[in-house]
Amino acid sequence: MQQQDIFSKIDKKRLPHHVAIIMDGNGRWAKKQGKDRLFGHFSGVESVRSVTEGAAELGIECLTLYAFSTENWDRPQAEVEGLMALLIKTIHGEVPTLNKNNIRLFVIGDRSMLPTSVQEELQEALDKTAANKGLKLILALSYSSHWEIKEAVKKIAKQIQAGNLEIDDITDDVVAQNLDTSSFPNPELMIRTGGEHRISNFLLYQLAYAELYFCETQWPDYRKSHFFDAIVDFQRRERRFGKTSEQIQENLD
Ligand code: IPE
Ligand code: IPE
Ligand code: MG
């Protein structure tokens with residue numbers, strides 16, 4: 001189907017506020033062509049552009065992209081270094097486009113693990129896009145849920161230790177406020193490309209009621225038309241949140 005046809009099938013009044021994507025399959029995509037895994041990562045940048053543009057066109061509020069996990073630090077050194085160099089180049093190069101499209105950049109994850117050069121480039125991009133009011137583009141970098149939840153537990157424990165919080169006052173909201181994602185709504189749709197059916201330590205707490213969408217397309221082949229397909233699929237689902245279908249239908253009437 002043509003991209004425009006898919007776009008028109010999307011009900012703009014029932015968009016997910018937040019879509020999160022595990023951008024997977026770069027290495028396999030490159031290997032299949034007899035190329036180095038890094039070629040796959042480089043090629044994936046065009047997919048990031050296309051999907052970000054698609055999300056902005058639709059008017060989606062938040063888009064989180066899983067770019068590098070805590071576990072990815074254990075990959076071969078050359079791949080990690082190549083990915084860090086790609087990050088610097090891409091973040092630097094994309095700032096004018098982000099500003100042109102009113103997109104504000106955010107980062108979640110353990111930034112202290114990143115090389116200083118990446119941290120500086122990131123900070124500059126965060127500052128330069130801080131006034132933008134359109135799409136919130138959230139990069140998960142050196143991110144894992146286990147890390148994030150452990151940090152949240154530490155922060156809450158410190159508040160208790162300092163006498164600023166009672167144990168009985170730890171609510172769902174308190175937990176959410178101490179996660180890296182505290183200023184965003186929970187994702188309603190989680191897409192994973194590349195054919196694997198797992199979550200790989202991504203937003204475990206926040207995805208509690210997200211719709212999960214897995215597709216075979218490897219990330220470097222992924223474009224906004226694939227993203228629109230996922231939104232159409234999302235809009236066909238009945239989200240029940242533990243209730244019955246009848247209860248959901250009654251509320252719609
Ligand atoms: C996802 O692609 C990108 C990162 C994890 C940085 P992969 O590099 O995991 O590609 P595959 O899954 O090995 O094909
Ligand atoms: C998840 O992909 C991390 C990112 C996309 C950044 P991986 O390729 O690292 O995950 P596993 O190893 O297949 O679970
Ligand atoms: Mg992978």
Side-chain angles (χ1 to χ4, degrees), residues 18-52 55 62-94 105-115 117-119 121-122 125 137-150 179-181 184 187 189-207 210 212-223 226-227 230:
H18 186 171
V19 182
I21 307 184
I22 301 180
M23 311 183 287
D24 195 27
N26 295 353
R28 281 164 287 161
W29 181 88
K31 283 271 160 197
K32 219 167 79 187
Q33 304 171 58
K35 302 242 170 71
D36 188 81
R37 293 176 55 83
L38 273 174
F39 178 67
H41 298 314
F42 277 83
S43 305
V45 174
E46 192 49 44
S47 313
V48 172
R49 277 194 203 107
S50 177
V51 169
T52 305
C62 304
L63 175 69
T64 296
L65 300 177
Y66 201 7
F68 194 85
S69 72
T70 305
E71 289 75 18
N72 289 150
W73 288 115
D74 294 333
R75 289 195 177 188
Q77 197 188 340
E79 183 170 345
V80 172
E81 282 173 4
L83 275 164
M84 291 302 135
L86 176 63
L87 262 173
I88 295 180
K89 186 169 163 275
T90 309
I91 292 167
H92 188 81
E94 294 301 314
L105 190 70
F106 293 85
V107 180
I108 56 172
D110 185 2
R111 273 202 260 168
S112 71
M113 292 278 289
L114 296 165
S117 49
V118 177
Q119 290 187 32
E121 203 61 66
L122 263 178
L137 177 63
I138 305 143
L139 284 186
L141 270 183
S142 186
Y143 173 88
S144 72
S145 282
H146 285 187
W147 168 81
E148 183 189 36
I149 291 169
K150 178 191 68 193
L179 295 171
D180 268 28
T181 50
F184 316 116
L189 171 63
M190 195 287 286
I191 300 170
R192 182 173 188 142
T193 67
E196 307 290 2
H197 293 195
R198 55 177 171 257
I199 300 187
S200 302
N201 219 347
F202 185 46
L203 302 175
L204 300 181
Y205 188 84
Q206 298 86 336
L207 292 178
L212 306 183
Y213 181 92
F214 297 98
C215 71
E216 293 298 319
T217 311
Q218 308 286 18
W219 181 252
D221 286 332
Y222 201 82
R223 291 292 177 274
H226 299 96
F227 180 72

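First listed ligand is number 1; within each ligand, the first listed atom is number 1. All values below were derived from every heavy atom in this structure, side-chain atoms included, with hydrogens, water molecules and symmetry-related copies excluded.
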[X] side chain near [Y] side chain, heavy-atom distance below 4.5 Å:
{"X": "Asn201", "Y": "Glu71", "result": "yes"}
{"X": "Trp73", "Y": "Val80", "result": "yes"}
{"X": "Arg75", "Y": "Arg37", "result": "yes"}
{"X": "Leu65", "Y": "Ile22", "result": "no"}
{"X": "Ile191", "Y": "Val19", "result": "yes"}

Any donor-acceptor N or O pair under 3.5 Å, side chains His41, Glu79 =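 Side-chain D/A pair, His41 to Glu79: present.
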
Please check if any side-chain donor atom of Asn26 sits under 3.5 Å from a side-chain acceptor atom of Gln218, or the reverse.
->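 Absent: no donor and acceptor within the cut-off.
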
Ignoring hydrogens and angles, tell me if any N or O in the side chain of Asp180 forms a donor-acceptor pair with the backbone of Gly109 under 3.5 Å.
->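 Side chain of Asp180 to backbone of Gly109: a pair is present.
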
Run the numbers for me: atoms of ligand 1, each under 4.0 Å from some heavy atom of Arg37, listed by number.
->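 Within the 4.0 Å cut-off of Arg37, ligand 1 contributes 7 (P), 8 (O), 10 (O), 13 (O).
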
If you measure from each heavy atom of His41 to ligand 1, is any distance below 4.0 Å?
->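 Per 4.0 Å heavy-atom rule, His41 contacts ligand 1.
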
Residues Phe184, Leu179; criterion side-chain contact (heavy atoms from CB on, under 4.5 Å); working and verdict | CA-CA 10 Å; Phe184 316 116; Leu179 295 171; over 6 Å; no

Ligand 1 and Trp29, any nitrogen or oxygen pair closer than 3.5 angstrom?
->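 No; the residue has no nitrogen or oxygen that sits under 3.5 Å from a nitrogen or oxygen of the ligand.
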
Under 30°, 30 to 60°, or over 60°: which ring-plane class applies to Tyr143 and Tyr66, parallel, tilted or perpendicular?
->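 Geometry flag for Tyr66 against Tyr143: perpendicular rings.
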
Measure the acute angle between the ring planes of Phe39 and Trp29, then classify it against the limits of 30° and 60° as parallel, tilted or perpendicular.
->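 Parallel, since the angle between the ring planes stays under 30°.
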
Atom pairs and distances, ligand 2 N/O vs protein N/O under 3.5 Å:
unit_1: ligand 2; atom_1: 8 (O); unit_2: Asp24; atom_2: OD1; d: 3.1
unit_1: ligand 2; atom_1: 8 (O); unit_2: Arg75; atom_2: NH2; d: 3.3
unit_1: ligand 2; atom_1: 9 (O); unit_2: Asn72; atom_2: ND2; d: 3.0
unit_1: ligand 2; atom_1: 9 (O); unit_2: Arg75; atom_2: NH2; d: 3.3
unit_1: ligand 2; atom_1: 10 (O); unit_2: Arg192; atom_2: NH2; d: 3.4
unit_1: ligand 2; atom_1: 10 (O); unit_2: Ser200; atom_2: OG; d: 3.4
unit_1: ligand 2; atom_1: 13 (O); unit_2: Arg192; atom_2: NH2; d: 3.3
unit_1: ligand 2; atom_1: 13 (O); unit_2: Arg198; atom_2: NE; d: 3.4
unit_1: ligand 2; atom_1: 13 (O); unit_2: Arg198; atom_2: NH2; d: 2.8
unit_1: ligand 2; atom_1: 14 (O); unit_2: Arg198; atom_2: NE; d: 2.8
unit_1: ligand 2; atom_1: 14 (O); unit_2: Ser200; atom_2: OG; d: 2.6

When you check the space around the Mg ion (ligand 3), which protein N, O or S atoms turn up under 2.8 Å?
->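 Asp24 OD1, with waters left out.
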
